[in-house]
Amino acid sequence: MKGISGFYRTKYCGDVTKHDCGKEVTLMGWVQRRRDLGGLTFIDLRDRTGICQVVFNPEIHPQAHASTHKIKAEYCIAVEGEIRLRPKDMRNPGMRTGSVELLAQRVSILNEAMTLPFVISETADVSDALRLKYRYLDLRRPSLKENIILRHRAARSVRQYLDKQGFIDIETPILTKSTPEGARDYLVPSRVSPGQFYALPQSPQLFKQLLMIAGFDRYYQIVKCFRDEDLRADRQPEFTQIDIEASFLSQAQIMDISEGLIATMFKDTIGVELPRPFFKMTYNDAIRDYGVDNPDTRFSMKLHDISDLVAESDLEVFSSVVGRGGLVKAINVKGPDNLKRKDLDSLASFISNYGAKGVIWARATEKGWQGSIAKFLTHNQISKIEERLGMEVGDIALFVADKKDVVNASLGALRVHIANKLSLVPKDTYSPVWISEFPLLEWSEEEQRLVSTHHPFTAPVEEDISLLVSAPSKIRAQAYDLVINGQEVGGGSIRIHNKSLQQQVFKVIGIGEEEAKFKFGFLLEALEYGAPPHGGIAFGFDRLVMLIAKAASLRDVIAFPKTQKAFCTLTQAPSPVDETQLAELGIKVIKKGED
RNA sequence: GGGGGCGUAGUUAAGCCAGGUUAUAACGCCGGCCUGUCACGCCGGAGGUCGCGAGUUCAAAUCUCGUCGCUCCCGCCA
């Protein structure tokens with residue numbers, strides 16, 4: 001077989017060890033750095049595995065040495081030579097291959113490189129826009145490259161585990177039907193049927209249920225999903241799910257298999273043993289203690305409801321809120337030495353994001369409470385609040401009084417904000433927790449109707465089914481989320497496998513018989529052909545990788561991510577298309593301001 | 001849809017609050033010297049639509065308005 005320019009790669013740069021000393025090897029890679037000492041020249045050669053130092057000595061191999069004068073950073077080269085131990089004092093303990101080097105005999109420049117728009121370095125702080133435009137260069141950076149390789153290992157672990165558990169990998173369509181519930185769809189126009197549209201799947205939800213009815217029993221897929229909603233650091237318009245569905249299993253059994261999956265993945269990729277079984281918490285308890293349904297349980301600082309203690313107090317801001325049916329809740333910040341008066345004042349603007357009007361603070365001192373509210377509360381009230389919050393001298397209590405949802409959202413966010421600010425969040429710990437017993441339905445102010453919290457195929461808790469008519473908003477769902485370190489990483493439910501129950505649920509959320517038939521007729525019909533009891537779960541694969549990679553953004557674990565405007569800086573997508581393409585599809589573009 | 005942050009040589013930043021001569025530094029780049037470097041060192045040099053557009057002013061990187069891009073958050077995301 002012919003090699004590249006007469007060179008045959010025999011080893012990766014990062015794999016060179018002292019056991020290779022004396023061996024002839026050929027490395028191929030990129031020039032990380034050239035150090036020209038006039039006579040001796042060193043080149044750090046990098047490939048996907050790591051870096052190996054190559055030394056060029058003009059007295060031993062003059063021709064190879066001469067060619068280094070043309071070689072610059074990020075040139076792609078091949079080097080043949082002998083691995084040898086470095087002289088004793090010249091070893092670099094900070095480098096994996098630092099005890100050896102390649103003495104170059106023969107070199108070939110496989111390709112030159114222009115001067116790069118930025119240096120390939122972990123320390124160089126380059127703007128995201130530039131990084132994304134030259135993503136293929138940024139991916140040469142070891143840490144980003146490692147994230148992508150870690151992602152591969154995570155996917156491999158998932159596949160191995162699910163295969164062992166008897167799950168079958170089945171592909172589902174990408175061109176599918178728009179669903180009315182949930183996120184905005186990405187639409188794909190049909191040329192064959194002008195004026196008609198496919199939608200890209202928000203998840204393979206309906207197909208995996210049909211696979212259960214088909215009898216596949218245990219299905220999984222690592223699959224792309226699409227949602228046309230605004231982006232966040234932990235949200236991309238296209239993202240990857242580990243999608244799972246199984247028949248004849250209870251909620252507890254599905255949760256158990258899921259725990260095994262996640263624990264195995266953490267073990268296989270980063271060697272972390274997650275304690276099993278995972279903690280479990282109901283939705284109501286999560287909201288009560290943490291204000292949110294994705295609590296970060298790595299630290300405490302729980303929310304405490306003190307409405308009953310201040311309802312009758314002289315403090316108008318508290319008593320009036322309780323009088324109107326609102327809540328007063330508080331967190332206790334333990335001995336916050338580095339929380340200054342200025343920091344406390346800045347909390348108000350943080351909390352205003354969540355609709356709260358303000359946050360009130362009080363510091364416990366030897367002589368009683370410090371802070372504006374102290375004079376409005378009796379000794380008895382103060383000591384009761386201190387008792388409930390577990391306050392000691394030096395602690396600061398933060399209070400928010402408002403409508404229930406506002407209090408929970410704002411104080412819940414404040415809890416995390418403060419913990420980060422005061423470094424109360426333990427590093428290198430993973431704290432998984434299941435959240436269950438979500439409400440099946442919730443009131444949508446925007447649509448003025450009840451909507452599904454999860455999705456409309458979620459089964460109610462059995463003893464709550466009778467509430468469908470009398471008090472639908474009180475029904476608990478057989479739905480569950482997995483939260484790790486405050487990140488929702490997965491969620492699922494037991495599905496309705498009975499047509500009449502499904503129809504009742506549609507009715508309650510205002511989907512009429514005609515509409516249901518038009519949109520989900522195939523599923524309703526399928527449920528009548530011996531559909532087995534089934535349920536499943538979907539994990540946000542990108543978010544899981546983000547957690548194990550300790551990445552700050554999803555962009556750091558996706559090879560080619562989009563910007564916050566859902567724009568692909570590399571390909572410049574989305575972009576306009578030819579008039580002829582539009583004509584074929586029967587589409588006319590209305591420019592902004594023309595309509 | 002709303003709120004915050006950022007935008008100055010190839011890159012990262014300083015200068016902006018308080019307008020005023022040639023916009024400063026580091027890294028990178030180019031040239032020279034250097035045989036044990038590993039962020040090599042030393043000497044010299046080039047490099048700028050201060051995101052874009054308008055306005056205020058004798059004078060704008062600096063002040064005002066608009067706009068574009070990146071980013072964080074709220075809404076939204078079953």
Side-chain angles (χ1 to χ4, degrees), chain A residues 32-45 51-60 65 72-74 86-95 97-98 101 103 114-134 137 179-185 202-203 205 225-237 239 346 349-356 406 409-410 413 416-417 438-442 444-446 450-458 477 479 481 488 491-493 505 509 538 540 552-553 555 562-565 567 569:
Chain A
Q32 175 69 34
R33 195 163 264 120
R34 190 178 69 131
R35 289 181 295 280
D36 184 349
L37 273 60
L40 275 186
T41 299
F42 297 92
I43 281 178
D44 288 342
L45 194 65
I51 286 178
C52 180
Q53 172 168 288
V54 184
V55 60
F56 298 80
N57 191 319
E59 286 167 7
I60 309 178
H65 178 264
K72 297 182 207 166
E74 297 304 318
R86 296 195 197 178
K88 245 205 175 70
D89 297 335
M90 311 306 161
R91 293 175 195 164
N92 185 346
M95 201 171 160
T97 61
E101 64 191 0
L103 177 63
M114 295 195 298
T115 299
L116 268 59
F118 52 85
V119 186
I120 310 294
S121 150
E122 295 299 338
T123 45
D125 197 7
V126 183
S127 80
D128 290 292
L130 201 67
R131 283 182 191 285
L132 286 175
K133 185 174 174 195
Y134 297 99
L137 297 179
T179 51
E181 299 284 299
R184 212 171 282 118
D185 286 315
Q202 297 174 26
S203 83
Q205 182 59 38
C225 301
F226 307 86
R227 289 173 195 179
D228 187 6
E229 295 292 346
D230 288 347
L231 275 51
R232 290 284 192 285
D234 61 356
R235 247 194 260 162
Q236 281 271 310
F239 60 99
S346 76
S349 78
F350 172 82
I351 218 163
S352 68
N353 269 330
Y354 301 85
V406 170
S410 57
V416 174
H417 177 74
F438 282 84
L440 184 72
L441 308 164
E442 59 194 357
S444 165
E445 281 297 330
E446 192 186 333
L450 284 169
V451 295
S452 295
T453 305
H454 195 56
H455 60 58
F457 319 109
T458 304
D481 276 2
E488 186 204 319
S493 65
V505 169
I509 60 175
S553 167
R555 287 183 297 274
K562 301 214 168 21
T563 71
Q564 202 170 34
K565 284 251 170 77
F567 185 72
T569 323

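The structure displayed is predicted, hence computed values, not measured ones. All chains are named by letter (A, B, ...) in the order of the sequence lines, taking the proteins before the strands, and each is independently numbered beginning at 1.
Nucleotide C76(B) holds its P atom 15 Å from the CD atom of Glu488(A), rounded to whole Å. The interatomic distance linking Met95(A) (CE) with G36(B) (C1') rounds to 14 Å, in whole Å. Note: CG (Asn92(A)) to C1' (C40(B)) measures 12 Å, nearest angstrom. To the nearest angstrom, C1' of U71(B) lies 11 Å from CG of Leu132(A). Per the geometry, CG belonging to Asp128(A) stands 13 Å off C1' belonging to G5(B), to the nearest Å. When the P atom of C30(B) is taken as reference, atom CG of Asp36(A) falls 12 Å away, rounded to whole Å. Distance, His417(A) NE2 to C74(B) P: 13 Å, rounded to whole Å. Rounded to whole Å, the distance from CD on Gln53(A) to P on C40(B) is 10 Å.
Considering only side-chain N and O atoms, Arg35(A) lies nowhere under 4.0 angstrom from the phosphate OP1 or OP2 of U37(B).
On a pure distance criterion of 3.5 Å, no polar donor-acceptor pair joins the side chain of Asn353(A) and the base of C74(B). For Asp230(A) and G75(B), a side-chain-to-base donor-acceptor distance below 3.5 Å is present, hydrogens and geometry of angles not being considered. Judged by distance alone with a 3.5 Å cut-off, a donor-acceptor contact links the side chain of Glu101(A) to the base of G36(B). Between the side chain of Arg235(A) and the base of C76(B), a donor-acceptor pair under 3.5 Å is found. Scanning atom types as modelled, one donor and one acceptor separated by under 3.5 angstrom connect the side chain of Arg86(A) and the base of U37(B). Remark: the Arg232(A) side chain and the G75(B) base include a donor-acceptor N/O pair separated by less than 3.5 Å.
At a threshold of 4.0 angstrom between heavy atoms, the contacts of Phe42(A) include nucleobase atoms, whether or not backbone atoms are also involved. Within the nucleic acid shown, Arg555(A) comes within 4.0 Å of sugar-phosphate atoms alone, with no base atom in reach, counting heavy atoms only. Heavy atoms of Thr458(A) sit nowhere under 4.0 angstrom from any nucleic acid atom. Residue contacts shown for Asp228(A) are absent, as no nucleic acid heavy atom lies under 4.0 Å away. Leu231(A) comes within contact range of no nucleotide atom at all, as no heavy-atom separation falls under 4.0 Å. Contacts of Pro87(A) with the nucleic acid, taken as non-hydrogen atoms under 4.0 Å apart, include base atoms.
Of the P atoms belonging to A25(B) and A46(B), the separation is 12 Å, rounded to the nearest Å. Between C6(B) and U11(B), the distance separating the two C1' atoms is 16 Å to the nearest Å. The same atom, P, is picked in A23(B) and in U64(B); the two are 24 Å apart, to the nearest Å. Annotation: A18(B) and G28(B) have their C1' atoms spaced 35 Å apart (nearest Å).
Among the nucleotides G28(B), U71(B), C30(B), the one closest to the side chain of Lys72(A) is C30(B). Looking at the side chain of Thr563(A), the nearest of the listed nucleotides C76(B), U12(B), C70(B) is C70(B). Minimum atom distance to the side chain of Val119(A) is reached by G28(B), of the listed G28(B), C38(B), G36(B). In this structure, of C30(B), C70(B), C74(B), it is C74(B) that holds the atom nearest to the side chain of Tyr354(A). With U11(B), G36(B), C40(B) as the choices, the nucleotide that has an atom nearest any side-chain atom of Arg33(A) turns out to be C40(B).
Among Asp44(A), Ile43(A), Thr41(A), Leu40(A), the single residue meeting the side chain to side chain contact (heavy atoms under 4.5 Å, CB included) criterion with Arg35(A) is Asp44(A).
Across all strands shown, A61(B) has no partner, as no Watson-Crick or G-U wobble contact with both distances under 3.5 Å is found. Pair assignment for C50(B): none, as no Watson-Crick or G-U wobble contacts are both less than 3.5 Å. Checking U22(B) for Watson-Crick or G-U wobble geometry (two distances, each under 3.5 Å) identifies no partner in any strand. Using N1 to N3 plus N6-O4 or O6-N4 for Watson-Crick, or N1-O2 and O6-N3 for G-U wobble, each under 3.5 Å, C40(B) pairs with nothing. Across all strands shown, C6(B) is found opposite G69(B) as a Watson-Crick or G-U wobble partner, with both distances under 3.5 Å.
Counting heavy atoms from C-beta outward, Arg86(A) and Gln53(A) have side chains that approach closer than 4.5 Å. Considering only heavy atoms from C-beta on, Pro237(A) stays 4.5 Å or farther from Asp228(A) through its side chain. Inter-residue side-chain proximity for Lys565(A) and Leu231(A) is flagged as unmet; no heavy-atom pair is nearer than 4.5 Å. Annotation: side chain of Ile120(A) is in contact with side chain of Leu137(A) (closest heavy-atom distance under 4.5 Å). In this structure, the side chains of Ser452(A) and Leu440(A) stay at 4.5 Å or more apart for every pair of heavy atoms.
Stacking is not found between Phe118(A) and the pyrimidine-like six-membered ring of the U11(B) base under the 5.5 Å centre-distance and 30° plane-angle cut-offs.
Place Val55(A) and Lys565(A) on RNA chain B by their nearest nucleotides, and Val55(A) ends up nearer the 5' end. Projected onto RNA chain B by closest heavy-atom contact, Pro58(A) and Glu442(A) fall at different nucleotides, the more 5' of which corresponds to Pro58(A).
Atom CZ of Phe239(A) sits about 3.5 Å away from atom CZ of Arg227(A), to the nearest 0.5 Å.
With sequence neighbours excluded, no residue satisfies salt bridge (charged side-chain N to carboxylate O under 4.0 Å, His left out) with Arg232(A).
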